[in-house]
Asker: 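My questions will all concern the structure given below.
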Amino acid sequence: MSIAVRDLVHVYHPGTPLETKALDGVTFEAAKGIWVAVVGHTGSGKSTLAQHLNGLLLPSGGSVSIDGVTIRSGEDSLRVVRQKVGLVFQYPEQQLFEETVFQEVAFGPKNWGFPPDEIKYEVEKSLSQVGIGPEFFGVNPFRLSGGQKRRVAIASVLSSRPDYLVLDEPTAGLDSAGKRQLLALLLDLKALGKGIVHVTHDMDLALGLADIVLVLDEGKSLLWGPPELILGELLEHDIRGLVIPPMVRFAGKLRDLGFEVPLTWDPVRLADAICRSRRP
Amino acid sequence: MKFLNNMTLGQYVPVDSSIHSLDPRCKIIATIVCLTGVFLVSGPYGFLSWGLFFALMVMLSRLSGGLILSTSRPVWILIAFTSIIHLFFTQGTPVFSWGILKITHEGLEMAARMGLRLLMLVLFAGFLTLTTSPTELADGLESLFSPLKRFGFPAHELAMMMTIALRFIPTLLNETERIMKAQIARGADLDRGGPLRRLRAFMPVLVPLFVIVFQRADDLATAMEARNYTGGEGRTRMYPLRWSIADTATLMLTVLFAVAVTLLEKRLMA
Ligand SMILES: Nc1ncnc2c1ncn2[C@@H]1O[C@H](COP(=O)(O)OP(=O)(O)O)[C@@H](O)[C@H]1O
Ligand SMILES: [Mg+2]
């Protein structure tokens, strides 16, 4: 049970002067209950990849399958896929349009044809998950603050009861408190068994929270593995547009100097290791 | 679901050609002359002459005929619709009838005339924007309208508005596509049902789009003001327009051609 991407190729505007190969043979897998981070420089194809995961774009080559079902054109099969894989676009608050928060979050489940009492249940559950209390249900979403709007928008995807959640730069433009809240929410959702695909260009976030990291470069999957493994590679090879977190550079430098410390982004772990390697 | 990928209606195509390098004012006036000319002819000789004239212009512009036709594609339906209306609703001597539907001799003539006329209008107008950059076009219009400034006509402001509007069309298409995708991802069904249902189904796209557009407009206005934009008065022009002999010659030839075609057709039809 997973999202499986095999040799995915995507070409925008094929056969015209605007032809762009945005994805060029991407392979990876995202399972339920696992947090996958997709990192890469701007233009490396992250957003294009995200749109493939719920059939908004269809492969020019290769395949994407959800729980064993390959995505192909045809409205009915696409609807199943789109309900299973919730996609949160960058700046999702820009898609709000209903008159009340409740209506907004009910938009998705209504489209999928959930029965009314189920809709009510899902809407209330999703809003409470993102920390929006009942006092906001009747409020016009345009009157909320930036962070609240973002959370309502995410609730409006959660309410369709997706098994997987794909988020394209979900923390962009949030202040650090908003960021922390959002990431905590994603951790909760992961604990509930949802598969998380987190698109970001922030290495700190990716390394600190993800179970597995996919590094994209020029539309190709360059690296794929647990954060520790990716870190080693990152220190050895300079990958365009990816900033190595300072803590990791620090650990790398210590290792160069002969200290036996792990390559880690976690300051507490690093400090422990330094102390231990000093005292015999 | 088809997205708004191939909208090329009148999008500027930069090519190095004798048409592209003409003064925009020359091209604007010449286009108006051609449009008037197309309105004045009504028979086969007239349309044929203008068709040949257009083909010659296209050759000089070094744009491909296929491109020109494809840019007019969005309005084909409109043209076909107009023709069909004229075909069925013109009174006269019937040549064919089927139930209450009646095609008359006059109807056939009208349908051909209106269809061709509309097509030529679209082609000539589109040709202007295909061969003239939005900035040139705006500068040209501003310059042509500037004599009216004395009577308080906002020539510069209109030109600036046009430039900004044209500049934002691609951005708007991108935004529209992005919002459409976001709503489809939430299960919105945007392309099923009749026109009324579709219009209703489009609310989830239209509302956010309005919000974004107003936000953008507001940001742009602030950014322009912050850089001290106060209108046309005393503003430097980077590329002053230059009228050359070629412009005079082109314009004169176009006017002569239009007059000749109009008069000749009157003769031939009489
Ligand atoms: N709708 C589109 N039409 C044409 N080209 C696109 C479109 N969207 C993205 N691209 C191109 O595809 C490449 C990958 O873009 P994208 O997936 O947005 O990367 P990222 O999200 O990593 O910044 C870029 O070169 C971009 O210009
Ligand atoms: Mg992106």
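Residue numbers start from 1 in every chain, and the chains themselves are labelled A, B, ... in the order their sequence lines are given, proteins ahead of strands. When reading the values below, keep in mind they use all heavy atoms of this one structure, side chains included, and skip hydrogens, waters and symmetry mates.
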Asker: side-chain contact (heavy atoms from CB on, under 4.5 Å) between B:F53 and B:T254: does it pass, once the steps are laid out?
Answerer: CA-CA 9 Å; B:F53 183 80; B:T254 311; 4.0 Å; yes
Asker: Kindly indicate whether a cation-pi arrangement holds for A:R161 with A:F114, taking the cut-offs as under 6.0 Å to the six-membered ring centre and within 45° of the axis.
Answerer: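 Geometry flag: set, cation within 6.0 Å and 45°.
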Asker: If I take atom CZ from residue A:F97 and atom CD1 from residue B:I179, how far apart are they, to the nearest 0.5 angstrom?
Answerer: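 Result: 11.5 Å between the selected atoms.
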Asker: Between A:E104 and B:R186 (salt bridge meaning N to carboxylate O under 4.0 Å), is one present in this structure?
Answerer: yes
Asker: Identify which of A:Q51, A:E98, A:Q83 forms the greatest number of heavy-atom pairs closer than 4.5 Å to chain B.
Answerer: A:Q51
Asker: Among A:G108, A:S156, A:P92, which residue has the highest count of heavy-atom pairs closer than 4.5 Å to chain B?
Answerer: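 Top count of heavy-atom pairs under 4.5 Å with chain B: A:S156.
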Asker: Among B:P204, B:A182, B:A185, single out the residue with the greatest number of heavy-atom pairs under 4.5 Å to chain A.
Answerer: B:P204
